[in-house]
Amino acid sequence: MNTADARPLALPALPVETAGALVVGYSGGLDSTVLLHRLAAEPAMRARGLRAVHVHHGLQAAADAWANHCEQQAGALGVPLQVLRVAVPRDGGSGPEAAAREARYAALSSTMAPGEVLATAHHRDDQAETFLLRALRASGPEGLGAMRPLRQLGPGWHWRPLLALPRGALQAYAQAHGLAWIDDPSNAVADADRNFLRLQVLPLLQERWPHAAASLARSAALCAQADALLADEDAALLRMHASDDPRTLRVPALMALPAARRARLLRHWIRTLELPPLPAHGVERIEGELLQARADADASFAWAGARVLRWRDFLHADTLRAPLSPDWETEWDGRAPLALPGGGWLLLRDDHGAATGGFDAPLRVHARRGGERIVLPGRSHSHLLKHVLQERGVAPWRRAHLPLLSAADGRLLAAGDVAWAGDMAGWLHARGWHLAWQPPP
């Protein structure tokens with residue numbers, strides 16, 4: 001080893017104050033090998049509880065050998081290593097690259113305690129590739145900001161300390177220190193979008209513009225700065241439009257905004273709800289199919305397991321949730337809270353919130369099946385439950401999970417805590433009790 005070439009890579013200070021341990025995402029490749037070696041050379045990093053995690057995707061025939069390599073290398077550095085095996089879905093619709101990435105970060109996040117910091121080895125060339133990918137997907141400033149040096153991840157943080165360094169600097173460091181690493185053969189195949197950029201596009205750009213990667217990474221940083229400033233305005237605007245339900249926005253207030261501001265507010269709203277980011281065409285779909293729809297159209301737009309739904313003068317965003325199955329039913333005596341499928345509860349309580357003695361006889365709790373009728377208090381005839389729910393403004397995202405209570409003879413006694421039949425209402429009033437329904441969170 002030439003000691004003159006073995007100068008340590010300069011790392012930025014950890015940009016968050018936390019006493020949590022440092023967790024290195026260690027694939028065994030060149031980049032993460034350099035990161036693990038560099039951090040292991042810092043006594044302060046070891047003192048805070050440095051450890052490594054290797055995610056075993058099982059996508060390559062040599063995956064077991066790679067895990068063994070990582071165990072040997074981490075052991076030589078005296079760094080504890082945890083190997084996590086994950087199953088990558090092959091038909092999730094997001095592509096193999098995205099599916100593997102999502103599985104990897106879900107696994108890494110699951111190992112972290114509050115305040116811990118995950119360190120990954122993304123570098124400047126990775127940032128240039130990400131910027132190009134986002135530009136080709138028609139991203140705005142948020143997407144073009146590419147990878148941030150620090151972001152929240154699960155209960156802790158995700159730090160990219162090598163983001164300002166070119167891959168050439170990592171290669172020189174690894175060679176100078178005689179490090180051993182794995183070369184993933186899939187990285188040499190240009191089928192994947194990122195590999196195509198790395199192997200064919202960026203080298204061609206750098207023939208003409210030698211500093212292309214640095215310039216693209218700098219553009220990403222400038223977009224991130226602009227996005228941070230705009231995000232402060234978005235947050236203030238969202239607070240102005242906030243309702244009791246953070247998953248709901250009022251359409252008239254949205255339509256009063258300029259189109260560009262409305263687009264940013266929609267993206268910010270989705271991000272604050274921790275839903276998957278809207279796709280490139282997402283805002284256009286919401287504009288054309290939901291905001292311009294009739295108030296009674298029940299229009300919706302779904303993507304990546306999430307959905308925005310228009311109902312009357314509201315937009316509602318949430319993960320896609322299966323409604324209560326029409327076949328589901330159970331008996332309930334009211335003495336203890338009843339857990340409902342998919343989340344939520346039914347409770348019978350007194351005026352002070354305490355448990356009661358329960359119903360005179362167990363009731364049947366079941367899902368809506370259509371055509372139910374209810375005799376409301378003070379009425380002698382029945383009404384279609386569907387019409388009662390519409391008149392009382394029960395949103396469709398709540399109706400999908402609404403439990404019904406029926407007597408043994410089939411009479412509908414209650415629809416959650418939204419509508420009670422006359423005899424149920426009288427029975428509850430005489431005792432000072434309340435039937436409460438908590439929808440899924």
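The basis for the numbers below is simple: all heavy atoms, side chains too, and nothing from hydrogens, waters or symmetry mates.
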If we only count heavy atoms from C-beta on, is the [X] to [Y] side-chain gap below 4.5 Å?
X: His316; Y: Asp245; result: yes
X: Arg160; Y: Arg151; result: yes
X: Arg124; Y: Leu165; result: no
X: Ser215; Y: Trp209; result: no
X: His57; Y: Arg104; result: yes
X: Thr130; Y: Arg194; result: yes
X: Leu77; Y: His37; result: yes
X: Val16; Y: Trp159; result: no

Parallel, tilted or perpendicular, as decided by the 30° and 60° cut-offs, for the rings of Trp311 and Phe314: parallel
Steps toward side-chain contact (heavy atoms from CB on, under 4.5 Å) verdict (Leu170, Leu35): CA-CA 9 Å; Leu170 276 60; Leu35 178 62; over 6 Å; no
For [Y], is there any backbone N or O sitting under 3.5 Å from a side-chain donor or acceptor partner on [X]?
X: Arg134; Y: Gly143; answer: yes
X: Arg46; Y: Ala40; answer: yes
X: Arg208; Y: Pro210; answer: no
X: Thr272; Y: Trp269; answer: yes
X: Arg262; Y: Leu257; answer: yes
X: Glu372; Y: Gly370; answer: yes
X: Glu71; Y: Leu81; answer: no
X: Ser32; Y: Ser27; answer: yes
X: Arg285; Y: Phe301; answer: no
X: His123; Y: Asp125; answer: yes

So which heavy atom on [X] is nearest to which on [Y], and how close?
X: Leu348; Y: Gly334; value: CB-O, 3.6 Å
X: Leu9; Y: Arg38; value: O-NE, 2.5 Å
X: Leu346; Y: Gly416; value: CD2-CA, 4.5 Å
X: Leu320; Y: Ala302; value: CD1-CB, 4.4 Å
X: Leu405; Y: Val365; value: CG-CG2, 4.2 Å
X: Gly342; Y: Pro440; value: O-CB, 3.7 Å

Intermediate values then yes/no, side-chain contact (heavy atoms from CB on, under 4.5 Å), Arg373 and Leu412: CA-CA 7 Å; Arg373 304 187 70 89; Leu412 181 60; over 6 Å; no
When rounded to the nearest 0.5 angstrom, what is the spacing between [atom1] in [X] and [atom2] in [Y]?
X: Trp303; Y: His281; atom1: CH2; atom2: NE2; result: 10.0 Å
X: Leu384; Y: Glu391; atom1: CG; atom2: CD; result: 10.0 Å
X: Arg307; Y: Leu275; atom1: CZ; atom2: CG; result: 11.5 Å
X: Trp397; Y: Arg321; atom1: CH2; atom2: CZ; result: 13.0 Å
X: Leu347; Y: Trp437; atom1: CG; atom2: CH2; result: 12.5 Å
X: Arg294; Y: Gln292; atom1: CZ; atom2: CD; result: 13.0 Å

Stepwise side-chain contact (heavy atoms from CB on, under 4.5 Å) test for Tyr105 and Arg101: CA-CA 6 Å; Tyr105 279 115; Arg101 181 172 60 251; 3.7 Å; yes
His211 NE2: over 12 foreign heavy atoms closer than 6.0 Å: no
Salt bridge (charged side-chain N to carboxylate O under 4.0 Å, His left out) between Asp227 and Arg267, intermediate numbers included: CA-CA 12 Å; Asp227 180 63; Arg267 293 192 187 96; over 6 Å; no
Passing candidate, side-chain contact (heavy atoms from CB on, under 4.5 Å) with Leu290, options Leu309, Leu266, Val251, Val308: Val308
side-chain contact (heavy atoms from CB on, under 4.5 Å) evaluation trace for Val283 with Arg264: CA-CA 9 Å; Val283 170; Arg264 283 202 57 89; over 6 Å; no
Side-chain donor-acceptor contact under 3.5 Å, His434 with Arg349: no
Arg48 with Glu42: basic N within carboxylate O range, under 4.0 Å: no
Reference residue Asp234; test side-chain hydrogen bond (donor to acceptor under 3.5 Å, both in side chains); the match among His268, Arg271, Arg261: Arg261
